[in-house]
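First comes the structure, then the notes that go with it.
Numbering of ligands and ligand atoms starts at 1, following listing order.
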Amino acid sequence: MVGEFLKRDSSNDLTASAARNEADKCARCGKCRSVCPVFAELKDEAFVARGRIWLFEALERGEIRATPELRKIMSACLMCQRCAETCPSGVRFMRVIEAARERLSREMGLPFGASFVFRHILTRRRLFDFAMRSVSLLQRIVPGERKGNLRHLPLFFRGGKWLPPFAKNTALQLHSGGTRVPGARVRVALFVGCLTNYVYPRIVSSTIALLQKARIETNVPASQLCCGVPALAMGDIGAARELARRNMESLQSAQCDYIVTVCASCGRMLKHEYPDLVGGSAFSVPVLDVSEFIKNHTDLNLEPLSDTVTYHDPCHLRWGQGIASEPRQLLSSACQFREIPDNMYCCGQAGTFHIFYPEIAGLIGRRQVESIALSDADYVATGCPGCILQLNDLMAQAGIRKKAAHTVEILSRAQFGETMSRGVSAENHFDPQ
Ligand code: SF4
Ligand code: SF4
């Protein structure tokens with residue numbers, strides 16, 4: 001069955017052909033070396049866009065073969081898109097890395113657990129809920145260290161990840177369906193994403209409360225699934241396409257004016273990958289990140305907090321969607337805003353990257369955490385639940401008494417006059433003891 005959905009079909013050829021077109025544009029100038037976080041740590045030409053393009057072309061010409069070493073090189077990329085943003089030749093490197101991973105998965109196979117999860121669990125919400133509840137239970141009963149609300153899961157994560165506990169009620173359990181707002185001028189369909197759903201439901205609560213205040217109705221379709229980023233990142237384009245189709249049906253059934261996302265990676269996937277996966281435009285209404293939507297489509301009157309807050313750019317928001325000014329402008333009106341002194345680093349999370357390459361992820365993330373430590377901010381706002389998880393993990397490990405939270409949580413505190421002293425996302429964030 002695994003071979004069945006990894007077999008070559010015309011869409012695989014399209015993926016490879018688009019990637020070859022992008023690879024052809026590479027002028028071998030090496031400018032991507034100056035911005036790549038992985039190259040900065042490893043100083044190895046194979047681990048930067050130019051080297052990977054060269055290897056992809058050699059693979060396509062049959063000069064090299066699919067090997068575990070080549071798979072390691074192709075999978076040790078954050079897919080952060082800094083190289084594409086910097087590239088003077090306009091190489092869309094994501095096309096190359098996705099095609100390389102797809103080919104390697106097709107020729108070498110995916111780990112059975114991964115293909116089973118993508119195909120049979122992510123596509124079934126109840127089964128996914130059951131699997132997450134089981135992990136949550138294990139998280140409570142497996143002996144391990146504990147730091148504040150973060151728990152050590154030595155059996156599941158190499159490198160000793162500190163994770164927040166899973167939420168008692170998921171965002172979809174709490175908020176599925178519509179929120180009626182008398183006199184609403186706009187309706188949005190909210191795409192939640194897995195990490196927000198299972199670990200940070202308060203991000204959705206804050207978003208709905210803010211939009212309600214702005215007289216905007218929110219619909220959270222219960223049938224939405226994982227956006228498909230993990231499947232795409234591991235080269236299972238068939239599974240990613242199936243999830244894209246199911247989410248398009250789910251979100252379009254809400255019949256809204258906008259689709260709003262609260263996760264940078266989900267947002268980039270819906271905006272930029274779905275059209276390529278399904279062909280043509282995926283949605284008939286605009287897809288916007290929540291910061292983009294609140295900045296441009298609401299007139300919230302925020303009461304600035306006295307707390308000092310800085311901002312971490314998620315790669316998939318800044319480089320993947322070109323969104324940098326909107327969250328900063330919102331935070332400037334909601335708190336005492338400070339920039340991180342040197343804010344060009346990635347947190348190192350990058351979906352599954354931090355699980356498969358915890359050492360490199362830790363090296364990359366610690367650079368950003370060291371910069372954050374230099375700021376006098378108490379809180380770090382960001383637009384991606386993955387960054388929240390990674391930054392709180394690394395700050396806890398480094399003994400830094402700051403908390404990461406979603407931008408909408410800070411805005412919600414400012415809008416509704418709540419103090420930050422009891423901690424943002426108190427139910428599931430690191431609370432220094
Ligand atoms: S910056 Fe662009 S053109 Fe230059 S080597 Fe990197 S991918 Fe190729
Ligand atoms: S996507 Fe990011 S990690 Fe990957 S090659 Fe480009 S700059 Fe490096």
What protein heavy atom sits nearest [atom], and how far off is it?
atom	value
atom 2 (Fe) of ligand 2	C80 SG, 2.3 Å
atom 8 (Fe) of ligand 2	C36 SG, 2.3 Å
atom 3 (S) of ligand 2	L78 N, 3.4 Å
atom 4 (Fe) of ligand 2	C77 SG, 2.3 Å

Practice task
Within a distance under 4.0 Å of any heavy atom of R52, pick out the atoms of ligand 2 and give their elements.
Solution key: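 So the answer, numbered in order with elements, is 4 (Fe), 5 (S).
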
Can we say [X] and [Y] salt-bridge, meaning some charged N sits less than 4.0 Å from an Asp/Glu carboxylate O?
X	Y	result
E22	R92	yes
E45	R33	yes
E409	R413	no
R328	E339	yes
R95	E273	yes

Practice task
Anything under 30° is parallel, anything over 60° is perpendicular, the rest tilted; go ahead and classify F293 against Y258.
Solution key: perpendicular

Handout entry: Donor-acceptor contact below 3.5 Å, side chain R366 vs main chain L394
Key = no

Handout entry: Protein N, O or S atoms lying under 2.8 Å from atom 8 (Fe) of ligand 1, listed by chain and number
Key =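 C26 SG, with waters left out.
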
Problem - H406 versus S206, side-chain donor and acceptor atoms under 3.5 Å - result: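 Their side chains do not contain a donor-acceptor pair, so the 3.5 Å distance test is not met.
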
Exercise for the section: Record the part of F39 in heavy-atom contact with ligand 2 below 4.0 Å; permitted values are side chain, backbone, both and neither. Expected result: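 Looking at F39 and ligand 2, no heavy atom falls under 4.0 Å.
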
Problem - side-chain contact (heavy atoms from CB on, under 4.5 Å) assessment of F56 paired with I53 - result: CA-CA 5 Å; F56 170 74; I53 288 169; 5.6 Å; no

